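Here the structure comes first, spelled out in structure tokens, and everything after it is commentary.
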Protein chains: 2
Amino acid sequence: MIQLTPAEESYLKAIYHISDGGKRSVSTNDISFQMKTKPASVSDMLRRLGEKEVIEYRKYYGVNITEEGKKLALQTIRKHRLWEVFLVEKLRFSWDEVHEVADELEHIKSKLLIQRLDEYLGFPKFDPHGDPIPDEYGDVRSRPRLTLSELDINATGQLVAVKDSSAAFLRYLDKVGAYIGARIKVLDKVEFDGSVEILVDNKKTIFMSKDVAGNVLVMV
Amino acid sequence: MIQLTPAEESYLKAIYHISDGGKRSVSTNDISFQMKTKPASVSDMLRRLGEKEVIEYRKYYGVNITEEGKKLALQTIRKHRLWEVFLVEKLRFSWDEVHEVADELEHIKSKLLIQRLDEYLGFPKFDPHGDPIPDEYGDVRSRPRLTLSELDINATGQLVAVKDSSAAFLRYLDKVGAYIGARIKVLDKVEFDGSVEILVDNKKTIFMSKDVAGNVLVMV
DNA sequence: ATTTATTTTTCGATTAGGCTAAAAAAGTTA
DNA sequence: TAACTTTTTTAGCCTAATCGAAAAATAAAT
Ligand SMILES: [Mn+2]
Ligand SMILES: [Mn+2]
Ligand SMILES: [Mn+2]
Ligand SMILES: [Mn+2]
């Protein structure tokens with residue numbers, strides 16, 4: 001089995017995410033933006049990841065993740081999300097506090113640790129942001145999801161995930177009372193600015209701007 | 001507050017342990033042996049730790065840990081031992097499986113994580129090997145301990161810790177039925193080879209070689 | 001007091017990961 | 001097609017952490 005350094009794992013995970021699970025090829029600039037490193041550093045890393053054959057690297061034309069790369073990326077994602085569940089469920093972290101810590105914890109190398117953690121958490125299928133947790137073989141049970149913006153008036157659904165996991169966005173959702181699992185109904189959509197009015201759990205009405213609604217994922 | 005890299009934290013922790021909490025000065029070779037790195041690498045690291053003023057470094061004459069260094073080392077030790085408790089108590093690791101994983105986990109940088117972990121574990125005072133867990137200010141409630149070899153015939157006590165945390169040693173203790181917390185009584189001591197015969201929990205009699213008895217710590 | 005042995009440091013390399021500045025390739029516009 | 005813009009790569013440099021070989025300092029033995 002190929003061994004990756006923590007930095008290599010992080011880059012590969014970023015490539016996996018940006019490529020939407022390997023569906024699209026990814027540019028140096030996109031990776032640079034996501035990783036907050038300079039394009040020059042990315043080029044260097046791409047050469048190394050290419051040598052390890054976890055990506056296919058054609059200079060100047062972006063990269064594609066290989067099957068081997070996908071597997072490894074999914075293992076890192078699995079660890080990241082399991083740790084996020086642990087932090088929220090067991091250590092009372094709020095969902096906007098977990099990401100940075102999980103970004104460190106995901107690189108701990110111990111098969112047993114992750115197996116046992118998974119078991120200890122009761123084999124969770126989704127992380128605190130509603131993202132699916134790959135199993136130990138990298139299989140993901142993904143659900144069809146739409147953004148809140150895509151729903152029509154009077155459509156109902158359940159809030160199942162968020163596209164943006166930034167602390168600012170998550171705290172905003174907390175403030176307005178939106179949470180993973182909430183039953184929602186679209187009461188109104190404003191054509192003009194793309195904002196929506198939704199009813200949460202048949203109780204509370206909340207307004208969301210286009211930006212917010214576009215980052216909230218629902219299952220119908 | 002001074003920021004140390006993971007490697008610097010590990011070296012400082014080693015220096016703290018070898019110096020017995022700062023009581024003795026420590027040689028390059030000793031550190032090299034403990035860290036399993038070459039003396040050349042140690043010299044280089046000592047220069048860096050000296051610059052950060054966590055040790056006092058006089059070339060050719062070994063190092064002494066500073067007060068600041070002690071504080072930082074104790075924080076790393078605290079994290080290491082809390083993670084060990086977590087692995088054993090929550091994830092069903094055995095006491096011989098925790099050390100390597102804890103050596104990685106101890107470098108995760110999050111104040112909140114350690115506070116919450118401590119709370120979640122019920123503020124444990126000792127790790128799975130009987131070693132005391134420093135509090136968040138670095139205070140250690142240490143107990144007077146003797147090795148089993150130092151007890152006289154008919155002396156009684158409680159097995160409270162082990163000097164050697166190697167997997168081989170711990171598995172040997174498991175096999176013979178010795179464990180932290182066991183009540184013991186010395187039944188016989190053999191002058192010739194330094195071995196001892198002890199009664200565990202008034203039930204089981206076990207024989208221990210000098211080497212083993214010298215690594216088992218008891219409170220009388 | 002020399003000589004010998006041991007310990008420690010220095011020197012020169014290497015690998016991983018980052019940076020800036022400059023060069024080169026690709027893409028776009030005229 | 002040529003010129004300009006954007007993207008990407010290369011080149012050179014830096015820090016951290018490691019190593020082996022050689023030099024230097026200290027310690028031990030004659
Ligand atoms: Mn995350
Ligand atoms: Mn997440
Ligand atoms: Mn340990
Ligand atoms: Mn321990």
Side-chain angles (χ1 to χ4, degrees), chain A residues 1-15 18-19 24-65 69 72-73 76 100 103-104 106-109, chain B residues 1-15 18-19 24-65 69 72-73 76 100 103-104 106-109:
Chain A
M1 190 46 124
I2 303 151
Q3 260 296 85
L4 300 182
T5 66
E8 286 169 344
E9 285 182 347
S10 297
Y11 273 93
L12 190 61
K13 195 176 65 145
I15 291 166
I18 299 167
S19 68
R24 275 181 288 285
S25 73
V26 174
S27 75
T28 298
N29 256 0
D30 287 347
I31 299 168
S32 161
F33 178 79
Q34 174 94 1
M35 294 295 294
K36 300 184 212 298
T37 54
K38 300 292 157 181
S41 309
V42 175
S43 284
D44 205 57
M45 180 57 83
L46 294 183
R47 188 185 42 72
R48 292 200 294 273
L49 291 175
E51 277 164 16
K52 294 197 174 179
E53 297 182 38
V54 294
I55 60 169
E56 212 183 309
Y57 178 35
R58 284 181 54 226
K59 277 180 192 172
Y60 294 102
Y61 289 93
V63 297
N64 285 92
I65 194 163
L72 292 170
T76 307
E100 286 69 25
D103 263 347
E104 287 191 62
E106 74 191 9
H107 302 295
I108 304 290
K109 275 167 230 344
Chain B
M1 190 45 123
I2 302 151
Q3 259 297 85
L4 300 182
T5 66
E8 286 170 344
E9 285 183 347
S10 297
Y11 273 93
L12 191 61
K13 194 176 66 144
I15 292 166
I18 299 167
S19 68
R24 275 181 288 287
S25 73
V26 174
S27 77
T28 298
N29 257 359
D30 289 348
I31 299 168
S32 162
F33 177 79
Q34 174 94 1
M35 294 296 294
K36 302 183 209 299
T37 54
K38 300 292 155 184
S41 310
V42 175
S43 284
D44 204 59
M45 180 55 84
L46 295 182
R47 187 186 44 70
R48 291 201 295 273
L49 291 176
E51 277 165 15
K52 294 197 174 179
E53 296 182 40
V54 293
I55 59 170
E56 213 183 309
Y57 178 34
R58 284 181 52 227
K59 276 181 193 172
Y60 294 100
Y61 289 93
V63 297
N64 286 90
I65 194 164
L72 291 171
T76 306
E100 286 70 26
D103 263 348
E104 287 190 62
E106 74 190 10
H107 302 296
I108 304 289
K109 277 167 226 348

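We name chains A, B, ... by the order of the sequence lines, and we start the count at 1 in each one. Note that the coordinates shown come from a computational prediction; the quantities given were computed from them, not determined experimentally.
- At a non-hydrogen distance threshold of 4.0 Å, Ser27(B), Thr28(B), Asn29(B), Pro39(B) from residues 26-39 of chain B come into contact with DNA chain C.
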Worked verdict on Leu72(B) versus Met1(B) for side-chain contact (heavy atoms from CB on, under 4.5 Å) | CA-CA 10 Å; Leu72(B) 291 171; Met1(B) 190 45 123; 4.2 Å; yes
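- Atom CD of Glu56(B) sits in a sparse spot, with 12 or fewer heavy atoms from other residues, nucleotides or ligands closer than 6.0 Å.
- The backbone N or O of Tyr57(B) sits nowhere less than 3.5 Å from a side-chain atom of Lys59(B) that would complete a donor-acceptor pair.
- Comparing Ser43(B) and Ala7(A) against DNA chain C, the residue whose closest nucleotide sits nearer the 5' end is Ser43(B).
- A donor-acceptor pair under 3.5 Å is formed between the side chain of Ser19(A) and the backbone N or O of Ile15(A).
- Rounding to whole angstrom units, CG of residue Leu4(A) and C1' of dT15(C) are separated by 15 Å.
- Here Glu9(B) pairs with nothing under the salt bridge (charged side-chain N to carboxylate O under 4.0 Å, His left out) rule; sequence neighbours left out.
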Output a table of donor-acceptor pairs, distance under 3.5 Å, between side-chain atoms of residues 39-46 of chain A and any protein atom two or more places apart or on a different chain; print 'none' if there are none.
residue  : atom : partner  : partner atom : Å
Asp44(A) : OD1  : Arg47(A) : NH2          : 3.2
Asp44(A) : OD2  : Arg48(A) : NH1          : 2.8

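- Within the structure, no pair that satisfies the salt bridge (charged side-chain N to carboxylate O under 4.0 Å, His left out) test touches residues 28-38 of chain A, not counting sequence neighbours.
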Working for side-chain contact (heavy atoms from CB on, under 4.5 Å), residues Tyr11(A) and Thr37(A) | CA-CA 10 Å; Tyr11(A) 273 93; Thr37(A) 54; 2.9 Å; yes
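- At whole-Å resolution of the value, CG in Asp44(B) and P in dT14(C) are 17 Å apart.
- Heavy atoms of Thr5(B) sit under 4.0 angstrom from primed sugar atoms or phosphate atoms, though from no base atom.
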Could you walk me through whether Asp103(B) and Lys13(B) pass side-chain contact (heavy atoms from CB on, under 4.5 Å), step by step?
-> CA-CA 11 Å; Asp103(B) 263 348; Lys13(B) 194 176 66 144; 3.0 Å; yes
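- When every heavy atom of Leu4(B) is checked against every heavy atom of Lys52(B), the shortest pair comes out as CD2-CD, 3.8 Å.
- Taking only side-chain nitrogens and oxygens, Arg48(A) never comes nearer than 4.0 Å to OP1 or OP2 of dA16(C).
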Go through the steps to decide whether Leu49(B) and Val63(B) satisfy the test side-chain contact (heavy atoms from CB on, under 4.5 Å), and finish with yes or no.
-> CA-CA 10 Å; Leu49(B) 291 176; Val63(B) 297; over 6 Å; no
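- A 4.0 Å heavy-atom criterion places the boundary nucleotides of DNA chain D facing chain A at dT7(D) to dT10(D), written 5' to 3'.
- Heavy atoms of Ala40(A) sit under 4.0 angstrom from at least one base atom.
- Contacts between residues 50-64 of chain A and DNA chain C, defined by a heavy-atom separation under 4.0 Å, are made by Tyr60(A), Tyr61(A).
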